[in-house]
Structure formats: C-alpha cells, structure tokens
Amino acid sequence: MVFVSTKPTLPRWLCENILLGTLPWHRGICQPFSHFSHIYTLHDSHLLGTYQSAETYGESVLCFLWDALWLPETVTHQAQPNEPIFLLVKATKTLGIALSEGTLPKPDKQPRRVLKAEHVEVDDQTVLVIDDIQRNTLTVVFSGQLHFLAMDNRQRLLKLDSQVYC
C-alpha cells in the first residue's frame with residue numbers, strides 16, 4: 001500500500017479500513033464525477049491522503065475531510081454538529097496519479113484546502129484535477145468508475161443522494 005498524506009489526521013479506524021481494503025464500497029454511490037459535482041462540492045475540503053494498493057492493482061482511494069458548510073442539509077443532518085465528515089473516493093482502473101511540485105507532505109504544514117475540482121473526459125479516460133489554495137494540483141487519470149462513500153467520525157455511513165448505486 002502506498003500512502004501520501006498532507007498531514008496524518010486520519011482516525012485509526014479509517015486508516016485501518018483503507019489499508020486493509022475493508023471499506024463498504026458496495027453501500028456507497030457509483031457515478032461519474034459530473035453527476036456527483038451537480039450535488040456536491042469539494043471546495044474548502046482538505047485532501048488528507050491518496051492510497052494505492054498492490055493487492056487491488058489499478059485502484060486509488062482519495063480521502064477528504066469534507067467541509068460541511070457547502071454540503072446539502074440531507075448530509076449534514078445525518079452527522080452530529082461540528083463532527084468530521086470524511087469523503088472517500090475510489091477510482092478504478094487508475095492509469096496514473098500526479099502531484100504537482102510542492103504538494104508533498106511537510107510536517108509543519110496544515111492540510112491544504114481544496115479550491116476546485118474539475119474533470120475532463122477524453123475517449124474512455126477521465127482526468128480528475130484537484131487544485132488547492134496554494135496552486136498545487138493533484139491529477140488522477142482513470143478509465144473505470146468513481147465510487148463515493150461518506151462516513152462520520154463514529155464510523156457511520158452517511159447516505160449520499162444519487163440515482164445510481166454501486
């Protein structure tokens with residue numbers, strides 16, 4: 001398992017579930033980023049880490065501390081006030097991940113807030129580009145599907161609105 005983190009702020013239970021591959025992806029939603037971004041945003045969220053596993057070759061997991069200010073009430077009402085909400089995004093058939101210069105971890109720095117996330121679809125590939133407030137960029141290229149999973153700090157799944165389920 002490869003792990004890149006902007007700061008080690010993940011709770012132990014979440015780290016273990018990601019590393020062991022035991023997250024309940026089947027209970028999340030599976031849809032293109034364009035559908036997801038019509039309802040949700042990553043703006044002001046913090047990218048906590050990216051994960052790739054040799055055991056699940058071609059899958060990448062992105063972990064965000066989701067900013068509840070921008071979330072619909074249907075999600076925020078499922079969690080306790082001021083409780084962290086984690087968004088996990090799995091890209092299947094990942095062809096590559098690139099971090100721009102300056103994005104690698106620095107122990108004295110806080111996690112960087114997401115400024116915007118955009119995607120482009122070219123042929124059978126999707127390019128997901130996530131920019132932070134310091135003009136660093138995470139780029140994920142994949143040809144499979146995106147799976148989305150939201151969890152609170154008590155390990156409860158939060159229901160995401162969607163018409164397509166995994």
**Request:** Could you tell me whether the side chain of S45 and the main chain of D67 form a donor-acceptor pair under 3.5 Å?
**Result:** yes
**Complete:** Distance col, row L14:CG vs L48:CG, nearest 0.5 angstrom, shows 8.5 Å
**Asked** Mind checking whether F36 and F148 have ring centres under 6.0 Å apart?
**Response** yes
**Message:** Using the salt bridge (charged side-chain N to carboxylate O under 4.0 Å, His left out) criterion, which residues pair with E121? Sequence neighbours excluded.
**Reply:** none
**Message:** Test of understanding: clusters of I, L, V, M, F, W, Y form through side-chain heavy atoms closer than 4.5 Å, transitively. Do I97 and V129 belong to the same one?
**Reply:** no
**Message:** Taking H43's backbone N and O only, do any of them form a donor-acceptor pair with T41's side chain (distance below 3.5 Å, no angle check)?
**Reply:** yes
**Request:** Check the pair F64 / I85 against side-chain contact (heavy atoms from CB on, under 4.5 Å), numbers first and verdict last.
**Result:** CA-CA 8 Å; F64 296 89; I85 298 174; over 6 Å; no
**Message:** If you compare all heavy atoms of Q78 against all heavy atoms of R156, which two are closest, and at what distance to 0.1 Å?
**Reply:** O-NH2, 2.7 Å
**Fill in**
Interatomic distance, CG@D152 vs CG@L157, rounded to 0.5 Å, equals 8.5 Å
**Prompt:** Taking C-beta and beyond as the side chain, do T74 and D161 meet within less than 4.5 Å on heavy atoms?
**Reply:** yes
**Asked** Can Y51 and C63 be said to form a side-chain contact (heavy atoms from CB on, under 4.5 Å), step by step?
**Response** CA-CA 8 Å; Y51 305 81; C63 183; 4.0 Å; yes
**Item:** Single-linkage hydrophobic cluster L115~V127, side-chain heavy atoms < 4.5 angstrom
**Value:** no
**Prompt:** Quick one: does D132's side chain have a donor or acceptor within less than 3.5 Å of a partner on N136's backbone?
**Reply:** yes
**Complete:** In this structure, CZ of F33 is separated from CD1 of I130 (nearest 0.5 Å) by 6.5 Å
**Item:** Heavy-atom check, side chain of T126 versus side chain of P32, under 4.5 Å
**Value:** no
**Request:** Quick one: sort the H147 and W25 rings into parallel, tilted or perpendicular, breaks at 30° and 60°.
**Result:** perpendicular
**Asked** Would a 4.5 Å heavy-atom cut-off, applied to side chains only, mark P11 and N153 as touching?
**Response** yes
**Request:** To the nearest 0.5 Å, tell me how far T92 OG1 sits from L146 CG.
**Result:** 7.5 Å
**Asked** Between atom OG1 of T139 and atom CD of E118, what is the distance when rounded to the nearest 0.5 Å?
**Response** 11.0 Å
**Prompt:** Can you list the residues that meet the side-chain hydrogen bond (donor to acceptor under 3.5 Å, both in side chains) rule with W13, with sequence neighbours excluded?
**Reply:** none
**Prompt:** Under a single-linkage definition using a 4.5 Å side-chain heavy-atom cutoff for Ile, Leu, Val, Met, Phe, Trp and Tyr, are V114 and L99 assigned to the same hydrophobic cluster?
**Reply:** yes
**Request:** Keeping the roles fixed (side chain from Q125, backbone from V141), state whether a donor-acceptor pair exists under 3.5 Å.
**Result:** no
**Prompt:** Do Y40 and W70 make the cut of ring centroids closer than 6.0 angstrom?
**Reply:** no
**Request:** Mind listing the closest non-hydrogen atom pair of R27 and L149 along with its distance?
**Result:** C-CD1, 4.3 Å
**From OG1 (T137) to NZ (K116), nearest 0.5 Å** = 8.5 Å
**Item:** Beyond-backbone contact of P24 with H26, side-chain heavy atoms, under 4.5 angstrom
**Value:** yes
**Message:** Is any side-chain heavy atom of L88 closer than 4.5 Å to one of I18?
**Reply:** yes
**Prompt:** With sequence neighbours excluded, what pairs up with K93 under the side-chain contact (heavy atoms from CB on, under 4.5 Å) test?
**Reply:** S143
**Request:** Start with the C-alpha distance between K159 and V75, add both sets of side-chain angles, then the distance that settles side-chain contact (heavy atoms from CB on, under 4.5 Å), and finish with yes or no.
**Result:** CA-CA 7 Å; K159 185 178 182 322; V75 174; over 6 Å; no
**Prompt:** Under 4.5 Å between any side-chain heavy atoms of L87 and L65, yes or no?
**Reply:** no
**Prompt:** Would you say T94's side chain and G58's backbone share a donor-acceptor pair under 3.5 angstrom?
**Reply:** yes
**Message:** Run L62 and L138 through side-chain contact (heavy atoms from CB on, under 4.5 Å) and show every step you take.
**Reply:** CA-CA 10 Å; L62 307 168; L138 170 69; 3.7 Å; yes
